[in-house]
Amino acid sequence: MTTLPDSSAPIRVRIAPSPTGDPHVGTAYIGLLNFIYAKQRGGKFVLRIEDTDRTRFVSSSEQMIFDALRWCGLQWDEGPDVGGPYGPYRQSERTDIYREHVAMLLASGHAYRSFETTEELDEMRKSQLAAKLPPRYNGAHRELTSAQIAAFETEGRPAVVRLKVPVDGETVFRDELRGDVTFSHNNVDDQVLLKSDGFPTYHLANVVDDHLMRITDVIRAEEWISSTPKHVLLYKAFGWDVPRFWHMPLLRNLDKSKISKRKNPVSLVYYRDSGYLPQALINFLGLMGGGMAQPTEQEIVSHGLNVKQGDVFSLADMQAKFDFKRISLGGPVFDLTKLKWLNGEYLRALSGDGFFDALRSTLFSDDYLRRIAPLVQTRINTLAEFGDMTDFFFKDDVVPAVEVFLPKKHMVEETVAFAAEQLTLLEATNFTVEELEAALKQLGVAKDWTVKDNFMLLRAIVTGKTASPPLLESLIVFGKARTLDRVRRFIDTQKRLAVQKK
RNA sequence: GUCCCCAUCGUUCAAUGGUUAGGACACCGCCCUUUCACGGCGGUAAUACGGGUUCGAAUCCCGUUGGGGACACCA
């Protein structure tokens, strides 16, 4: 059985986002849960940045994560920017620690070095899949002799370090919401712990840090259940206590699959820039998975809301009443419809001044208007035309008519497919004029679309019109998150229409 | 394919062996109203299926089906 942390130990929880792009709504969800858990128990809420994947690293991402979490009201007690007794809180600054711990595992025989190349491993996986076998490391280098190791080394082969999972037996761990979960060891792979670039994988870094940072409760998404036995094995290999695990249900798309940017806006920046109030988002997230009892009319009215019944509560309410043992395990669909209703309720609850301030601090802030103004100054003859020219910046959505978006030389289906290409490209592009222009033009050449048709399509999708302020500059001011959403929605809408026709 | 998790209205949560299976969102109708909203009132709508256990099952057990997740030198 697993050892639970000393019950007298002060509660410490953490979230551990990776700076690989825009802050994710799932991070806010898990962050909220961790935050509530800590606050309810007088514990500490730690923010750790898991930046061990240098190939997916995005330098602007960390600051966006900080901003987004603060916008949500989820302030951490310890973290990279605020410090704390168990730092550093950025994994890239802890590589020595991981190397030391890997050395310990190597010395105790709980890990071994493995010299296969990526290509060899891919090959192995492919043939296993082809043979309808579960893809798993075959353990070829588990018991290399020192002579073999020396041979690989002189060959200059890069090595990884793998966890030596026992061949027999099973690992049982307790999930606080589900009870005991058992994995037979022959279903647990020899996980890579240290990559050939010297950086640890999530599994190693996570376990080492959680222990060193005295984390008592690991509250994370359900997708981690199947790797938890590896983590438990690691704790045991080090001789450490295992924390409590709480695996939270995964947020879902409408089709029940794991929430994804292809099917939902997942960037917190999108919600902020589209005029959602953080209290509405937090309330909505608190609804996902249960945990909160239905508020009474009294409680709702106390928030100034003009409804008698409804799933309305604040962060403070959650701190007071959220019950982790009530959480239901079905994956909740992240349905924007109800979030919009909630947002409306919070908007209506604002005082006149408060509402005005909300407008002035977001969509109609000096900063935003100051960036939009130069885009239209030469294009209008009366100030009122500013509205005609820039309406798309202030709309929730825009639906271009076929006459507007369809280029003469292309068919609808083909155009939608091209828009999908644009979407993929925009996701991967930094929003600067140079990068956008280069990327878009390159795509146009590759797909045999003229620059004019190419840009005009994107213009139609984002602005709903054939005439607009300069496209690229407009996109930059409008923002990546909202731009991606418009393109995605355009594609969805057109696909739906196509299906209806058939 | 293998392993793991899950299963109440379209969606999200209630009902923790005994209720006409409840609320919210959405939808529909009526009222309010110069319009549109807001608000008020009402309505449609669910225990996936099959076996047990029990006086009694949405609730406990088994199976089936369905959904999801994981199976990377990503997290």
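Sequence lines set the chain letters: A, B, ... in the order given, protein chains first and strands last, and positions in each chain run from 1. Note: hydrogens, waters and symmetry copies are ignored here, and every other heavy atom, side chains too, is used.
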Starting the side chain at C-beta, find the nucleotide from [options] nearest to [X].
X      : options             : value
A:N187 : B:U11, B:G39, B:U2  : B:U2
A:R162 : B:C73, B:U2, B:A14  : B:C73
A:T337 : B:C74, B:C25, B:U2  : B:C25
A:T201 : B:A75, B:U12, B:A72 : B:A75
A:S196 : B:U2, B:G39, B:C73  : B:C73
A:P135 : B:A75, B:C71, B:C73 : B:C71
A:W341 : B:C6, B:C5, B:A24   : B:A24
A:D311 : B:A14, B:A24, B:A75 : B:A24
A:I225 : B:C25, B:G1, B:C4   : B:C4

*By ring pair (Phe, Tyr, Trp, His ring centres under 6.0 Å), which residues pair with A:Y37, not counting sequence neighbours?*
A:W246, A:F324
Please confirm whether the ring centroid of [X] lies under 6.0 Å from the ring centroid of [Y].
X      : Y      : answer
A:F238 : A:H101 : yes
A:F334 : A:F284 : yes
A:W240 : A:H231 : no
A:Y202 : A:W224 : yes

*Tell me, with the steps shown, if A:H24 and A:S267 meet side chain to side chain donor-acceptor pair (under 3.5 Å).*
CA-CA 5 Å; A:H24 199 277; A:S267 167; over 6 Å; no
*Given RNA chain B, 5'-ward residue of the pair A:G289 and A:Y202, judged by closest heavy atom*: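 With A:G289 and A:Y202 compared, the 5'-side residue is A:G289.
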_nucleotides 62-69 of chain B: protein proximity per nucleotide (B base, S sugar-phosphate only, - neither; heavy atom, under 4.0 Å)_ = -----SSS
*Taking atom types as modelled, find out whether A:R70 and A:Q75 have a side-chain donor-acceptor pair closer than 3.5 angstrom.*
yes
*Is there a donor on the side chain of A:K338 or the base of B:A26 sitting less than 3.5 Å from an acceptor on the other?*
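Side chain to base: no pair present.
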_A:K321 bridged to A:E299 by N-O distance under 4.0 Å_ =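 Salt bridge flag = yes for A:E299 with A:K321.
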*Do NZ/NE/NH1/NH2 and the carboxylate oxygens of A:E223 and A:K258 come within less than 4.0 Å?*
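Yes, this pair counts.
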*How many Å lie between CE on A:M288 and C1' on B:C25, as a whole number?*
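The answer, rounded to whole Å, is 10 Å.
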*Protein-nucleotide distance (A:Q294, atom CD; B:A15, atom P), rounded to Å*: 10 Å
*Any side-chain N or O of A:R125 less than 4.0 Å from the OP1 or OP2 oxygen of B:C73?*
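It does, given that an N or O in the side chain of A:R125 lies less than 4.0 Å from OP1 or OP2 of B:C73.
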_Counting the atoms with a prime plus P, OP1 and OP2 as sugar-phosphate, which does A:V192 contact under 4.0 Å by heavy atoms, base, sugar-phosphate, or nothing?_
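Sugar-phosphate, no base atom in range.
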*For RNA chain B, list all stems, counting runs of three or more consecutive pairs where every pair is Watson-Crick or G-U wobble with both distances under 3.5 Å.*
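Stems found: B:1-7 with B:65-71, B:10-13 with B:22-25, B:27-31 with B:39-43, B:48-52 with B:60-64.
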